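Just below is one structure, and these are the notes that go with it.
None of these values were measured; they are calculated from a predicted model. Per chain, numbering begins at 1; letters A, B, ... match sequence-line order.
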Amino acid sequence: MHKQLIWLSLLLCTLHSACGLYFHISETERKCFIEEVPDETTVIVNYKVELYDPRSNGFMPSSPGIGMHVEVRDSDDKVILSRVYSSQGRISFTSHTPGEHVICMFSNSTAWFSGAQLRVHLDIQVGEHAIDYANVAQKEKLTELQLRIRQLLDQVEQITKEQNYQRYREERFRHTSESTNSRVLWWSLAQTVVLLCMGFWQMRHLKSFFEAKKLV
Amino acid sequence: MGVNLNVHTRKQKLRCGSSSKLAMLSLMLGVALLLQHGVGAVEFTFDLADNAEDCFYEQIKRNTSAYFEFQVSAGGQLDVDVVLKNPEGQVIYKLDRATFDSHQFVAETTGVYSACFSNQFSTFSHKIVYVDFQVGEEPALPGVDEHATVLTQMETSSQAIHKGLNDILDAQTHHRLRESQGRKRADELNQRVMVWSSLETAAIVFIGLAQILVLRNFFTDRKPSQAHYGRL
């Protein structure tokens, strides 16, 4: 009974965290997530780390000793954010360049703990999903319908951004294809020239060689 | 949703009325479930290393519908093994070497459901996998969807627009991933063409020189004494 109660309270604490999805990593492991976002888009990451507790065979709901190092890189591999957070955190950043943003997390564990398992609850929200409408309604005193319209506007804005980004990516795609095309074209010309030169040189060389040997 | 859960707890209480332990457990479970925000929709893209298996877990309540979608956007043959398991460890969905699929299911028991992506068949190519895992319905707008009165036409149509826009966003995501599949392939092709053409140019020059040397050897070997005095 006692054990079950402990288990349940653990479950309760786990459930109380806002993030539903979780995964396991070892303490020294590094886990990266990629978010492909248009520019000027807000990304919110919520996480919570729990350390494996061998005594109860479960995960400790709060592990004050554990911190998380979070690193965010943009599409040009430039670090936008690199900081150590506690075992529970909320990170938000706004993209300035469109493209793939890589969010990497690893614990700041010392050798003392290495090898133990960590459970990481994670929630990533991008764009209009990241907006907290309860907050917006309270702050701006919007009526129900106004709030709904507000949400629709945010969605439309998100779609527009995404389409602009799509246009940009299509341009890059076309650029790559054109580059491939021109490389194939120029190389086939260059190859023909190389082959002709090679053949010409071979014939001349052999001819003079045979003449020298008095074979012809 | 909260009301339904209460009813559920009460039913359970009635059923196991004699056992106070079970009643307490179910009550606590009910409280725990009420405390939970209930819904979660998370989409992310992660890098699946070669020869690795990555699992993600999610607590799902009974009778909650869940939607699971994945798409491999880069790496190798764009394939991955996917397994969805229920809390008892039974496989509820399994697909081998798939690139894109979605699966909708209703949770039969409350518990932790797991989704595992395995790349164990591939020894050298790592994959980039997009995952969309939605549990339950989208959280209602505060104050908008909660009231009991009949919706006005304005509200109904705004809701319909909202649903439509959600569909558009989903479709855009899908196309974005397809485009990135194509783009990454094209980048790879570009790279390969570059490397291959340099290699082949080198090969032509090398073969040309080798041919001459071999031919010269053929004719010099017959008269070894002259080989060193040849003009060439």
Side-chain angles (χ1 to χ4, degrees), chain A residues 1 4 8 11-12 14-16 18-24 31-36 122-126 129 133-134 137 144-145 147-149 151-152 155-156 158-159 162-163 166 169-170 172-173 176-177 179-180 183-184 187 190-191 194-195 198 201-202 205-206 208-210 212-213 215, chain B residues 21 25 28-29 31-33 35-37 40-47 54-59 128 133 135 141-144 147 154-155 158-159 161-162 165-166 168-169 172 175-176 179-180 182-183 186-187 189-190 193-194 197 200-201 204-205 208 211-212 215-216 219-220 230-232:
Chain A
M1 177 76 191
Q4 273 171 323
L8 258 174
L11 181 79
L12 221 146
T14 319
L15 288 174
H16 194 54
C19 343
L21 190 98
Y22 65 84
F23 54 90
H24 297 137
K31 192 86 183 166
C32 290
F33 292 94
I34 305 156
E35 286 294 331
E36 196 171 7
L122 186 78
D123 181 35
I124 301 177
Q125 299 295 343
V126 181
H129 289 296
Y133 284 103
E144 294 168 9
L145 207 58
L147 189 64
R148 174 64 87 188
I149 300 295
Q151 190 190 28
L152 294 179
Q155 279 187 306
V156 169
Q158 181 73 23
I159 290 168
E162 181 77 35
Q163 278 183 346
Q166 242 162 36
R169 274 185 331 229
E170 193 272 342
R172 267 185 50 198
F173 196 166
T176 307
S177 301
S179 160
T180 310
R183 277 180 186 181
V184 167
W187 181 68
Q191 195 194 29
V194 167
L195 273 172
M198 209 68 206
W201 177 78
Q202 279 185 333
H205 186 94
L206 281 175
S208 54
F209 177 72
F210 290 144
K213 295 274 169 199
L215 285 166
Chain B
K21 199 166 106 183
L25 278 179
M28 281 195 75
L29 204 67
V31 171
L33 291 178
L35 272 175
Q36 198 201 9
H37 295 289
V42 63
E43 21 181 346
F44 55 88
T45 311
F46 71 99
D47 194 346
D54 276 2
C55 289
F56 297 93
Y57 307 88
E58 174 116 28
Q59 174 88 28
I128 290 176
F133 206 175
V135 177
L141 270 183
V144 176
H147 62 122
M154 191 73 179
E155 282 165 332
S158 70
Q159 230 167 32
I161 295 171
H162 175 60
L165 289 176
N166 271 342
I168 292 175
L169 281 165
Q172 273 191 338
H175 278 106
R176 190 185 67 212
E179 191 268 351
S180 93
R183 183 159 37 85
D187 274 335
L189 179 72
N190 192 17
V193 165
M194 183 68 199
S197 34
E200 203 162 310
T201 309
I204 290 171
V205 173
Q211 274 180 338
I212 293 292
L215 270 173
R216 277 176 63 155
F219 293 106
T220 41
R231 204 158 46 92
L232 285 159

Does a side-chain heavy-atom distance below 4.5 Å link [X] with [Y]?
{"X": "B:F56", "Y": "A:L122", "answer": "no"}
{"X": "A:L152", "Y": "B:H162", "answer": "yes"}
{"X": "B:F133", "Y": "A:L21", "answer": "yes"}
{"X": "A:L145", "Y": "B:E155", "answer": "yes"}
{"X": "A:L195", "Y": "B:I204", "answer": "yes"}
{"X": "A:F209", "Y": "B:I212", "answer": "no"}

Please work out whether the ring planes of A:Y22 and B:Y57 are parallel, tilted or perpendicular, with thresholds of 30° and 60°. parallel
How long is the gap from [atom1] on [X] to [atom2] on [Y], to the nearest 0.5 Å?
{"X": "A:M198", "Y": "B:T201", "atom1": "CE", "atom2": "OG1", "answer": "11.5 Å"}
{"X": "B:R183", "Y": "A:E170", "atom1": "CZ", "atom2": "CD", "answer": "11.0 Å"}
{"X": "A:F23", "Y": "B:F44", "atom1": "CZ", "atom2": "CZ", "answer": "7.5 Å"}
{"X": "A:F210", "Y": "B:R216", "atom1": "CZ", "atom2": "CZ", "answer": "10.5 Å"}

B:E179 and A:Q166: side chain donor to acceptor below 3.5 Å: no
Interchain contact, A:Q151 with chain B, by part (heavy-atom threshold 4.5 Å): side chain
Where on A:Q125 is there a heavy atom nearer than 4.5 Å to chain B: the side chain, the backbone, both, or neither? side chain
Heavy-atom contact with chain A under 4.5 Å, split by part of B:D54: side chain
Let's test your reading of the structure: which of [options] forms the most heavy-atom pairs below 4.5 Å with chain B?
{"options": "A:E36, A:H24, A:Q158", "value": "A:E36"}
{"options": "A:V184, A:L206, A:T180", "value": "A:T180"}
{"options": "A:R169, A:Q202, A:R172", "value": "A:R169"}

Quick one: of B:A186, B:G182, B:S197, B:S180, who has the most non-hydrogen atom pairs under 4.5 Å with chain A? B:S197
So, the side chain of A:E162 versus the backbone of B:L169: is there a donor-acceptor pair under 3.5 Å, distance only? no
